[in-house]
Amino acid sequence: MKSLKKQWALVVAICLMIIPSACNRSSISTTNDVKQDTTELYFPTNTNNQELSASFPYIEKNVYELYQNSENIVVANILDYDTYTDDYIPKVFSQAKVTEVLKGNLQVGNEITISETGKHLEDGSDISIGGIPLLYPGMKVILFLDEEAPLLDPTRTGYGLVGSYLGKFIYHPDGTIYNFSLLGGDDAMTLSDVTGPLTEEEFRSLLPQESTTINTEITQPTAIS
């Protein structure tokens with residue numbers, strides 16, 4: 001089983017820079033007992049995040065490379081989150097419920113933990129790598145994941161994202177799919193084959209034929225209260 005230390009090794013140098021860069025939450029509570037309005041999917045829109053700068057020895061160039069380097073790929077609803085700090089590096093552990101499996105051994109209905117470097121702030125913004133929004137309750141997402149492994153909190157296991165924020169996509173309420181890199185600044189890492197929002201069909205066409213067909217129904221996630 002791979003360790004999430006692989007994910008941490010990607011982050012060679014992290015330093016906090018107070019730079020407005022990506023997207024934040026407007027008028028939404030950031031406490032752990034979030035009660036999300038589920039009339040539509042949550043999609044970040046405002047730009048007021050702070051950057052964690054990171055260097056990577058390698059980064060995936062396109063969706064095919066993300067697919068090849070992932071042990072698990074799922075469509076999921078983000079339900080809740082909590083936080084953890086290790087050696088002054090903040091982590092957000094998001095709870096997600098799997099609604100579709102595109103690769104790997106996870107099952108529909110599994111609830112899993114996703115680890116990201118960063119922090120949700122009280123004003124509704126994030127501190128995150130590149131200023132890219134972190135996962136948040138109410139999102140419907142597609143996640144490219146490593147194998148399950150111990151988290152920095154030794155009492156828990158979870159999954160790291162392949163390619164940092166390149167390994168997560170989000171559904172807009174209109175049904176289109178965005179890579180999280182499209183929600184950041186001009187210097188955000190990007191995928192060569194995802195330069196704008198995709199339709200469901202366009203996203204599926206980027207995956208190998210053996211991948212499971214994505215459920216095209218936009219289900220409404222329910223945050224844990």
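Along the sequence shown, residues are numbered consecutively beginning with 1.
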* **V74 vs L145 side-chain heavy atoms within contact, under 4.5 Å** => yes
**Message:** Less than 4.5 Å apart, side chain to side chain, heavy atoms only: is that true for K168 and I170?
**Reply:** no
To the nearest 0.5 Å, atom CD1 of I127 lies from atom CD of E51 at 11.5 Å
inquiry  = For a 4.5 angstrom cut-off between non-hydrogen side-chain atoms, does T99 reach N77?
reply    = yes
Discussion item. Is the distance between the ring centroids of Y42 and Y136 under 6.0 Å?
Written reply: yes
Yes or no on side-chain contact (heavy atoms from CB on, under 4.5 Å) for L151 and Y84, after CA distance, side-chain angles and deciding distance? CA-CA 10 Å; L151 297 174; Y84 185 81; over 6 Å; no
Just do the side-chain contact (heavy atoms from CB on, under 4.5 Å) check on M189 and F56 with the steps written out, would you? CA-CA 11 Å; M189 299 183 297; F56 300 89; 3.8 Å; yes
Counting neighbours of OH on Y64 that are heavy atoms of other residues, nucleotides or ligands and sit closer than 6.0 Å, is the number greater than 12?
no
Worksheet item: Side-chain contact, heavy-atom cut-off 4.5 Å: Y178 with F169?
Response: no
Value for OH (Y171) from CG (L41), rounded to nearest 0.5 Å, stands at 9.5 Å
Checklist line | Side chains of D146 and F144 in contact at under 4.5 Å (non-hydrogen atoms) | finding: no
| message | Would the distance check show the side chain of N72 and the main-chain N or O of G104 forming a donor-acceptor pair, the cut-off being under 3.5 Å? | response | no
Check your understanding: Heavy-atom distance under 4.5 Å between the side chains of S181 and T190, does that happen here?
Key -> yes
Review point. Between the main-chain N or O of N110 and the side-chain N or O of K97, is there a donor-acceptor pair closer than 3.5 Å?
Key: no
For K119 and P90 the tightest heavy-atom approach is CB-CB, 4.0 Å
Query raised in the report: Do L143 and Y159 come within less than 4.5 Å of each other through their side chains, counting heavy atoms only?
Result: no
Q) Within the distance-only criterion (no hydrogens, no angle test), does the side chain of Q68 pair as donor or acceptor with the backbone N or O of E65 below 3.5 angstrom? A) no
Can you confirm whether the side chains of E60 and N69 place a donor and an acceptor under 3.5 Å from each other? yes
In short, I78 meets A96 closest at the heavy-atom pair CD1-CB, 3.7 Å
In short, G118 meets V92 closest at the heavy-atom pair O-CG2, 3.5 Å
May I ask you to decide if L66's main-chain N or O and S70's side chain share a donor-acceptor pair within less than 3.5 Å?
yes
Inset, instruction - Using atom types as modelled and distance alone, determine if a side-chain donor or acceptor of N179 lies under 3.5 Å from a backbone N or O of L191. - result: no
dist I73:CD1 -> E100:CD (nearest 0.5 Å) comes out at 12.0 Å
Output for pair (D126 CG, N49 CG), nearest 0.5 Å, gives 4.5 Å
Here the gap from E202 atom CD to I177 atom CD1, rounded to the nearest 0.5 Å, amounts to 9.0 Å
Worksheet item: If you measure from the Lys or Arg side-chain nitrogens to the Asp or Glu carboxylate oxygens, is any gap between D82 and R156 under 4.0 Å?
Response: yes
message = Does I112 form a side-chain contact (heavy atoms from CB on, under 4.5 Å) with L106? I'd like the steps, not just the answer.
response = CA-CA 9 Å; I112 60 176; L106 289 168; 4.0 Å; yes
- Task: Run the numbers on K91 and T117 for side-chain hydrogen bond (donor to acceptor under 3.5 Å, both in side chains), then give the verdict.
- Result: CA-CA 5 Å; K91 299 290 179 181; T117 299; 2.6 Å; yes
Discussion item. Between S192 and K61 (side chain of the first, backbone of the second, donor and acceptor by atom type, cut-off under 3.5 Å), is there such a pair?
Written reply: yes
Taking every heavy atom of L183 against every heavy atom of I132, the minimum-distance pair comes out as C-CD1, 4.5 Å
task = Answer whether the closest heavy-atom distance between the side chains of I114 and L135 falls below 4.5 Å.
result = yes
Tightest non-hydrogen contact, residues P173 and F43, listed as CD-CB, 3.9 Å
To the nearest 0.5 Å, atom CD of E148 lies from atom CG of N105 at 11.0 Å
Taking every heavy atom of S128 against every heavy atom of P133, the minimum-distance pair comes out as OG-N, 4.4 Å
*Passes side-chain contact (heavy atoms from CB on, under 4.5 Å), I142 versus L102? Steps please.*
CA-CA 9 Å; I142 303 167; L102 305 181; 4.1 Å; yes
Check whether any side-chain N or O of D123 sits under 3.5 Å from a backbone N or O of S125 as a donor-acceptor pair, and report yes or no. yes
